[in-house]
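Remember, it's a predicted structure, so these values are computed and weren't measured experimentally. In this chain, residues are counted from 1 in sequence order.
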Amino acid sequence: MTKVVVVSTGGTIASRVDRERGFVTSRASGTELVGLLPQPTAVAVEVDDFVMVGSFLFDLDLVFRLTQRIAAHLDDPAVAGVVVTQGTDTMEESVFMADLLIDSDKPVVFTGAQRHADELDSDGPRNLGDAIKVAAAPEARGLGAMIVFEQELHAARDVTKVHAARVGTFASAEHGKLGEVDGERVIVHRRPTLRRVIAAERIEPRVDLVKLVMGSDGRFIDHAVADGAQAIVLEAFGRGNATLAVVDAVRRATANGVLVLVTTRCPQGRVLPVYGNGGGKDLVATGAVFAGDLSGIKARILLAVLLAGGRSRSEVIDLVSAMAG
């Protein structure tokens, strides 16, 4: 019989109401979540309770350890795939780190819920049931890590959370979903082509993200450098533009050996050095690197993985370019 491991980490899917204190918190174990499924699954399910916290409390080290746990389960020949139940707040970051680090064709499926376990119409049981189907499906092999939510499959590189509360919270912007779950069928429409598996025995947590707003100056960049940042992701305007003060700060950062990666703060599209007078051409002249259509938070995860492996700057830049799209 096919076996799937469910790694439980908490989050809304595992949350219940604490009526004495008047808030919702992660409390339900993985076994409880599997017990809430509307009908028995067609596969054997093993539960691994990894942590019990909301994903807004996750950090890079915890997610790195989570990926190691997932990889260990996948090494078992009897396991067809792994499902991770997690809070949605940082799920897109966790799934991308797993996609980068885990070298296996077996499906790694992240899922969760937007409505907690005590709500009558909680979306958790359906999402978990669908995720188990995908993790066991031969069609899902080779897709890498993905999010399965609201009957849709989304690639780790492309997926993002687009709504704070609604159940259809994940989308893949202009690239579209990988496929869908329709009843008992797992239907795959496309396969990701920009995936890379990167060997890393640790990660570099000192990667900062700075989002530009009208009138931004260089304070946040200067502070990040002074505080020991090894790299900075700059969510710039439009095609990758900045203010003159930010360009000067980026020049100081690169002169100090800090890698600066430029993304766009727009939800869709890619950066390209076109403009001068503070625009992308000036940022490239400082030594900043453009990251294609990678989002800022995905670029940060990528650098956290790449910078920990003792790679040269040119090797890091080559790998970023290969995934930039």
Side chain to side chain, Leu100 and Met323, heavy atoms closer than 4.5 Å | yes
- Message: I'd like to know if Lys133 and Asp130 make a salt bridge, using a cut-off of under 4.0 Å between side-chain N and carboxylate O.
- Response: yes
Donor-acceptor list for residues 74-82 side chains, cut-off 3.5 Å, not counting sequence neighbours:
residue : atom : partner : partner atom : Å
Asp76   : OD1  : Ala78   : N            : 2.9

So Pro192 and Leu178, do their side chains get closer than 4.5 Å, heavy atoms only?
yes
Going by chain and number, the hydrophobic cluster around Val274 (ILVMFWY, side chain to side chain under 4.5 Å) further includes Leu272, Tyr275
Excluding Phe220, membership of its hydrophobic cluster (Ile, Leu, Val, Met, Phe, Trp, Tyr; side-chain heavy atoms within less than 4.5 Å) reads Val210, Leu212, Ile221, Val225, Ile232, Leu234, Phe237, Val246, Val247, Val250, Val258, Val260, Val262, Val271, Leu283, Val284, Phe290
Residue set satisfying ring pair (Phe, Tyr, Trp, His ring centres under 6.0 Å) with Phe149, at least two apart, ordered chain then number -> Phe170
Next on the checklist: More than 12 heavy atoms of other residues, nucleotides or ligands under 6.0 Å from CZ of Arg219: yes or no?
Outcome noted: no
Using a 4.5 Å side-chain heavy-atom cut-off and chaining through intermediate ILVMFWY residues, the residues clustered with Leu194 come out as none
With the threshold set at 4.0 Å, does a side-chain nitrogen-carboxylate oxygen contact exist between Asp59 and Arg65?
no
* Do other residues, nucleotides or ligands put more than 12 heavy atoms under 6.0 Å from Arg185 CZ? -> no
Quick note, ring-ring contact (aromatic ring centres under 6.0 Å, His included) partners involving residues 48-98, not counting sequence neighbours, are none
Heavy-atom nearest pair, Ala28 first then Leu33, reads CB-CD2, 4.1 Å
Check: Within the side chain of Thr67, is there an N or O that forms a donor-acceptor pair under 3.5 Å with the backbone of Ala98?
Finding: no
- Message: I want to check something: taking the side chain as every heavy atom from C-beta on, are Arg27 and Glu32 in contact at a cut-off of under 4.5 Å?
- Response: no
Margin query: Check for me, please, whether Val63 and Ile198 land in the same ILVMFWY cluster - side-chain distances under 4.5 Å, paths through other members count.
Written below: yes
Check your understanding: So does His223 have more than 12 non-hydrogen atoms from other groups sitting under 6.0 Å from NE2?
Key -> no
Worksheet entry | Exam field: side chain Asp123 to backbone Gln114, donor-acceptor pair closer than 3.5 Å | yes
**Asked** Should the pair Arg190-Asp158 be classified as a salt bridge under the 4.0 Å nitrogen-to-oxygen rule?
**Response** yes
Problem - Pair Asp248 + Arg252: basic N to acidic O under 4.0 Å - result: no
